[in-house]
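Atom set for the values below is all heavy atoms of this structure, side chains included, hydrogens, waters and symmetry mates excluded. Heads up: numbering here begins at 1 and tracks the sequence.
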Amino acid sequence: MGTKTLLAICFFSTSCFAQSALPTVGRTAPKVQLSTLLQAPSDTPRSSAAFKGKSGVLEFWATWCGGCVAEIPHLNEVANQFKDQPVVFLSITDEEPVVVQSFLQRRPMRGWIGIDAKGGTYRRFGIVGRPQTVLIDSHGDIRAVTSPDHVTTAMIDRLISGAAVGAVPAMSKPVASGVSQSPGTPPPLLEVLIRPAAIVSVSGFSPGARWQSDGHFNFYGATLRMLLEYANNIRGDHIIAPDWFDKNRYDLFTVVPQHRDDLQRSLTIEGLSETFGLVIRHETRSTEVYVLRVDPDAKARMKISHATPSLGFQAQPGHFTGVATGIPRLIQKIDTDLGGIEIVDETNLSGRYDFDLNWTSRNIKSLQDALRSQLGLSLIKTIRPKKFLVVVSASEPKTW
């Protein structure tokens, strides 16, 4: 491409979104089973029995989710108006109770707070992205699946009375970047925007959040190292760069013509190069890695999944579960637990599997033993040549 890319500042307000295999409206709601229940009477069951005969507003959220936190005042206001009505407002997270209790001291939430420690409720409801809101009537049937910003008092009134909830907007999706688009004009065919990151309360996205659909790719609150990692499809620890690459944060938006998603990374590379004056050198270095293979001496224990589509995954320190999940996702999560060691996949397993792996968090020997005994896989340390990206020079741009 011969034209220069655009550095611009623009702002969007939306809720977090991610595609997931959500339950079907009109069907019986999956089972709710919680490990801890906060802000509820002491004798309240930690299961679906807690709202038997009542309507339920289930909010799947997290303290780290910017879009979730942004909707707390709205949900508090709605819940306040139904405090004496036969409806339960239950916000469910899979975080540690101590984390949630500390958060609640700073940001009070109305209703009950459920802790789904092992992620069973999240899996049964097919929750991957958050926030997501599920409305359940007094008979235990799902009446709507939406985002919290679409929940209204009129909707809850109808839910309680048994009347049709009515048309409910689907999960809110991020809007296109469209900074160069005036009202009423067609959307851009090709666009690259790089801006200083908007604060979470404005963008509605936690730092590092990504969204991609229909030729649009949005990356929020990313460091320059993270942007280079995405654009070059390389590990962040294989990028040799100045310290400020890990400090300043930016939002990236690209739009490409239909069926040309292959342009996303190349456009990002050119945009970053022009914006930050990057001069980059590629080189190969001998690097310590761990190779994941099928262990020929261990009993084959990989469980092929029959679920369609994938029902997602849950990862906690020392525990990974997934339904119809591939090896790359498993590697990503154990890599993170061990502090970013590099794992090379040589299993030749391209299918989808049901995982339930337990080990001692941050302990490589425990993980190696668990992989062999529970999945029939081996994880072996070795030295391999790996590609590195070296930033020779770069400059921090100044806005007008």
Side-chain angles (χ1 to χ4, degrees), residues 13-18 29 32-52 54-119 121-122 125 127 129-136 144-157 159-160 171-172 198-209 220-221 314 316:
S13 180
T14 181
S15 298
C16 293
F17 176 84
V32 173
Q33 187 64 58
L34 305 170
S35 55
T36 306
L37 191 57
L38 306 175
Q39 302 185 172
S42 58
D43 59 347
T44 304
R46 298 192 302 272
S47 65
S48 303
F51 44 91
K52 184 177 181 180
K54 299 180 180 180
S55 298
V57 179
L58 273 58
E59 176 69 11
F60 293 90
W61 72 294
T63 62
W64 49 259
C65 167
C68 304
V69 175
E71 293 300 330
I72 289 176
H74 169 65
L75 288 178
N76 281 348
E77 182 179 353
V78 175
N80 279 331
Q81 298 185 50
F82 292 92
K83 59 183 179 180
D84 297 319
Q85 300 296 314
V87 58
V88 171
F89 286 80
L90 174 60
S91 298
I92 303 175
T93 181
D94 53 1
E95 300 170 277
E96 294 291 334
V98 65
V99 173
V100 178
Q101 289 169 329
S102 175
F103 175 84
L104 292 174
Q105 292 177 2
R106 305 189 307 273
R107 297 294 298 266
M109 297 172 64
R110 290 286 301 177
W112 302 345
I113 311 297
I115 308 296
D116 184 26
K118 294 186 177 180
T121 299
Y122 265 75
F125 276 81
I127 301 298
R130 57 188 94 181
Q132 294 189 24
T133 308
V134 180
L135 304 186
I136 302 173
V145 180
T146 185
S147 52
D149 55 312
H150 291 141
V151 176
T152 65
T153 55
M155 184 186 299
I156 304 305
D157 272 328
L159 181 69
I160 294 173
M171 288 294 302
S172 300
I199 58 176
V200 171
S201 61
V202 173
S203 71
F205 286 83
S206 302
Y220 299 88
Q314 292 292 320
Q316 296 176 335

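A distance of 10.5 Å separates CD in Gln101 from CD1 in Ile113, rounded to the nearest 0.5 Å. In this structure, CG on Leu58 lies 5.0 Å from CZ on Phe51, to the nearest 0.5 angstrom. Expressed to the nearest 0.5 Å, how far CG of Leu75 lies from CG of Asn80 amounts to 11.0 Å. Within the model, atoms CZ of Arg130 and OG of Ser91 stand 12.0 Å from one another, a figure rounded to the nearest 0.5 Å. Summarising the geometry, atom CZ belonging to Arg110 is positioned 12.0 Å from atom CD belonging to Glu77; distances are rounded to the nearest 0.5 Å.
The closest side-chain heavy-atom distance from Met109 to Phe103 is below 4.5 Å. Put simply, the side chain of Gln132 does not reach to within 4.5 Å of the side chain of Cys68, judged on heavy atoms. Annotation: side chain of Phe60 is in contact with side chain of Val134 (closest heavy-atom distance under 4.5 Å). Between Pro86 and Ile160, some side-chain heavy-atom pair lies under the 4.5 Å cut-off.
Annotation: side chain to side chain donor-acceptor pair (under 3.5 Å) contacts of Asn76 (sequence neighbours excluded): none. Scanning for side chain to side chain donor-acceptor pair (under 3.5 Å) contacts around Glu95 gives Thr63, Thr93, with sequence neighbours left out.
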For Val145 and Phe125, what are the C-alpha separation, side-chain angles and deciding distance, and is it a side chain to side chain contact (heavy atoms under 4.5 Å, CB included)? CA-CA 10 Å; Val145 180; Phe125 276 81; over 6 Å; no
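Legend: side-chain hydrogen bond (donor to acceptor under 3.5 Å, both in side chains) pairs involving residues 32-46, not counting sequence neighbours: none detected.
Nearest heavy-atom pair across Val78 and Val151 is CG2-O, 4.0 Å.
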